[in-house]
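To keep things clear, I will list the structure first and then write my remarks on it.
Letters A, B, ... are given to chains in the order of the sequence lines, protein chains preceding strands, and every chain is numbered from 1.
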There are 4 protein chains.
Amino acid sequence: MRQDAQENRERILAAAEEVFGAHGAAGSTEEVARQAGVGIATVFRHFPAKEDLVEAALLRHFDGLAARVRSLAAGPDPAAAWDTLVRTMIGTGATKLTLASALPGSGGFPDRAVAASNRVKTAVGEVLRQAQEHGAVRSSATIEEVYLLIRALSQASATMQIRRDTLDRAVDVVLAGLSQPAG
Amino acid sequence: MRQDAQENRERILAAAEEVFGAHGAAGSTEEVARQAGVGIATVFRHFPAKEDLVEAALLRHFDGLAARVRSLAAGPDPAAAWDTLVRTMIGTGATKLTLASALPGSGGFPDRAVAASNRVKTAVGEVLRQAQEHGAVRSSATIEEVYLLIRALSQASATMQIRRDTLDRAVDVVLAGLSQPAG
Amino acid sequence: MRQDAQENRERILAAAEEVFGAHGAAGSTEEVARQAGVGIATVFRHFPAKEDLVEAALLRHFDGLAARVRSLAAGPDPAAAWDTLVRTMIGTGATKLTLASALPGSGGFPDRAVAASNRVKTAVGEVLRQAQEHGAVRSSATIEEVYLLIRALSQASATMQIRRDTLDRAVDVVLAGLSQPAG
Amino acid sequence: MRQDAQENRERILAAAEEVFGAHGAAGSTEEVARQAGVGIATVFRHFPAKEDLVEAALLRHFDGLAARVRSLAAGPDPAAAWDTLVRTMIGTGATKLTLASALPGSGGFPDRAVAASNRVKTAVGEVLRQAQEHGAVRSSATIEEVYLLIRALSQASATMQIRRDTLDRAVDVVLAGLSQPAG
DNA sequence: TATGAATGAGTGTTCATTCAT
DNA sequence: GATGAATGAACACTCATTCAT
């Protein structure tokens with residue numbers, strides 16, 4: 001039965017990512033159970049509290065994201081990789097779940113999710129460093145503000161109604177600001 | 001008793017701005033009543049449904065904000081006004097309540113709050129126009145992407161744990177991107 | 001100001017009769033105040049509790065009804081008066097408010113309303129007696145069962161969806177039963 | 001746990017029949033839960049809205065009633081069956097819950113409860129037909145007015161304070177009216 | 001004396017969490 | 001180990017009643 005349990009865990013997490021991604025942490029646990037095709041008690045056996053479920057969903061989300069970013073870092077063209085990374089992360093509302101993490105209690109959220117988020121940040125930092133070495137991004141830029149800009153626009157693209165071209169032009173502004181030599 | 005009622009209304013709105021600003025629209029009406037120091041029914045007498053309360057809080061918030069932006073537009077130095085506006089709005093998490101308006105289905109939210117938000121946008125647009133005329137911002141920039149950038153960073157500053165200097169440097173990047181001649 | 005007060009009292013009672021007649025005792029006091037065109041506190045000044053208001057409305061209703069029945073008793077043709085009385089009281093749902101009196105607490109309802117109801121019963125009894133003397137109704141019938149039949153059909157006509165001709169035929173049955181010599 | 005759930009459902013319905021029978025649809029769901037000995041949420045798990053609970057109680061009530069009426073129709077003596085039916089339905093306040101169905105807007109109430117009520121009417125109609133064939137009831141009587149008379153007196157016996165012998169004599173009047181040859 | 005604002009208990013309903021099967 | 005029924009605390013909202021003007 002170890003395998004079934006593992007499969008259930010996966011199905012639950014996938015459902016959680018979808019539900020919490022759509023409704024924030026306000027999404028109901030029963031809805032997650034329903035989408036996962038398991039009983040509600042099964043969800044609570046795997047994740048003793050809702051908070052644990054949200055945390056695990058964030059973790060899974062961020063870890064998948066980090067992997068994708070790392071694969072970008074492995075590509076041949078650092079400048080193009082940077083451009084792609086920024087546009088993709090923002091355009092797909094990649095950090096959508098940050099919203100959920102922000103809501104309950106503000107800041108009271110689990111270290112492990114923060115750590116996972118930091119792993120994404122680190123991976124982004126690697127792509128950034130390569131871009132800086134290729135002169136595509138000014139060298140004074142640090143990962144901190146860059147990551148903040150990405151998160152901010154990503155969340156905005158996930159939670160506000162924004163026309164695609166408006167978002168694109170905003171990203172253009174950010175990339176332009178980052179490519180300038182002066183700070 | 002007209003006076004008392006008016007005072008209560010004010011107190012309720014102030015409490016609502018605080019509660020919904022902190023917890024989004026998920027904040028409870030009872031909490032608002034408690035912070036305002038009135039009974040729950042008093043809140044409902046003034047605002048027949050929770051939605052009305054949220055709407056009114058958003059309205060109050062945005063209208064105050066628009067007034068402050070307009071006073072900036074009236075100042076003598078457009079470039080400085082622009083810099084101040086962007087830094088202030090973002091730094092104070094001025095559009096914090098956008099979060100609330102974003103949550104409940106997005107499209108389902110009150111026209112009047114949207115209209116109030118647009119009044120802020122218009123006021124910001126006026127400051128932007130003056131800055132462009134003074135050459136402080138490139139002329140190709142439109143209010144759409146500029147307002148998006150401000151909202152995104154403002155919301156981020158309200159909902160994420162961000163160090164002040166990180167935020168400042170992110171704003172620098174945006175202002176730099178906007179000041180460049182090329183699009 | 002005695003006159004104003006009296007007028008208000010009248011307006012409130014009229015409104016109460018309408019509201020409670022329509023929604024039973026579940027009708028809201030505020031609705032009564034609104035229809036009467038007075039403040040809610042005025043209602044409570046005249047009738048310290050909702051129960052008092054319902055009682056007074058019942059009283060007024062029954063007293064008006066008793067007066068109308070008495071005028072029938074004064075007419076020239078006892079048989080016709082009897083027929084008219086039964087058909088009218090039932091057809092107009094005249095005792096509609098009995099419903100209200102039945103709901104809250106069941107039986108716990110005020111003596112004065114019961115007394116008023118009995119005044120109606122007495123008046124009906126007088127018409128009945130005359131009809132019996134004229135041979136239009138069998139002599140063994142007592143006011144008790146007759147009044148019950150009237151109240152039952154009256155309430156039914158007020159609370160159920162009934163076609164007019166169905167109601168008429170039911171009344172025919174009752175009148176036929178009452179006109180038979182045997183018990 | 002299917003069994004427990006079924007038992008609870010039964011207990012809830014029985015409690016609902018009692019509560020709504022006594023206080024009409026104004027009876028509170030919490031009271032039903034308390035009388036059933038279950039938590040309030042359990043009631044809502046079985047019946048998602050109060051309306052569903054009222055509907056189910058009405059259904060249960062009418063279906064039990066219809067079954068009892070049908071068993072009468074199967075008996076050997078149509079005249080006695082008719083007499084028993086009328087006296088029993090009225091005397092036990094059998095359609096007590098009609099009251100509940102009448103209150104909330106009348107037309108807004110569930111088709112299924114209306115249908116169940118009609119099943120009772122149909123069963124009563126069958127007993128009536130047999131009684132007519134045996135000459136115990138005049139042939140011109142239709143189920144419509146007969147059923148109305150039964151419902152009216154039944155409701156009255158359930159909601160008013162009536163002495164047993166008064167009720168009996170009222171029923172005598174109705175039966176007498178129905179047995180007469182003329183319409 | 002009339003007003004209408006304020007109150008708090010109560011109602012229907014939802015949801016995270018626990019327990020019996 | 002998985003299920004789904006049961007739970008009670010919470011929430012949005014209503015209403016009879018009281019109080020300040």
*Using heavy atoms to find the nearest nucleotide of DNA chain F for B:R34 and C:E30 separately, return the residue whose nucleotide is more 5′.*
B:R34
_Upstream residue (5' side of DNA chain F) when C:P48 and D:G39 are each assigned their closest nucleotide_ = D:G39
What integer distance in Å separates [X]:[atom1] from [N]:[atom2]?
X     : N      : atom1 : atom2 : value
D:K50 : E:dG10 : NZ    : P     : 15 Å
A:I40 : E:dA20 : CD1   : P     : 18 Å
C:E31 : F:dT14 : CD    : C1'   : 14 Å
C:F44 : F:dC15 : CZ    : P     : 12 Å
B:Q6  : F:dT21 : CD    : C1'   : 16 Å
D:D52 : E:dG12 : CG    : P     : 13 Å
C:H23 : F:dT14 : NE2   : P     : 15 Å
B:F47 : F:dT14 : CZ    : P     : 15 Å

*Counting heavy atoms not belonging to C:E18, are there more than 12 under 6.0 Å from its CD?*
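Atom CD in C:E18 is not packed in, count stays at 12 or less.
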*Other residues, nucleotides, ligands: >12 heavy atoms within 6.0 Å of C:E31 CD*: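 Yes, the 6.0 Å shell around CD holds more than 12 heavy atoms from other groups.
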Using OP1 and OP2 only, check whether a side-chain N or O of [X] sits under 4.0 Å from [N].
X     : N      : answer
B:T29 : F:dA12 : yes
C:T42 : E:dT3  : yes
D:H46 : F:dA6  : yes
C:R45 : E:dT1  : yes
A:N8  : F:dA2  : yes

*asked:* Between B:R60 and B:E10, is there a side-chain heavy-atom distance shorter than 4.5 Å?
replied: yes
*Give none if F:dT21 has no partner; otherwise give the nucleotide forming a Watson-Crick or G-U wobble pair with it, both distances under 3.5 Å.*
E:dA2
*Got a second to check how far A:T42's OG1 is from A:D4's CG, nearest 0.5 Å?*
11.0 Å
*Please tell me which of B:V38 and D:S28 maps to the more 5' nucleotide of DNA chain E, matching each residue to the nucleotide holding its nearest heavy atom.*
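Nearer the 5' end of the strand: B:V38.
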*Which comes earlier along DNA chain E counting from the 5' end, the contact point of B:R9 or that of A:A41, where each point is its nearest nucleotide?*
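Taking each residue's closest nucleotide, the earlier one in sequence belongs to B:R9.
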*Indicate, with a heavy-atom threshold strictly under 4.0 Å, whether A:G37 touches base, sugar-phosphate, or nothing.*
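Nothing, no heavy atom under 4.0 Å.
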_D:F47/D:V54 under side chain to side chain contact (heavy atoms under 4.5 Å, CB included): CA gap, chis, key distance, verdict_ = CA-CA 9 Å; D:F47 308 95; D:V54 175; over 6 Å; no
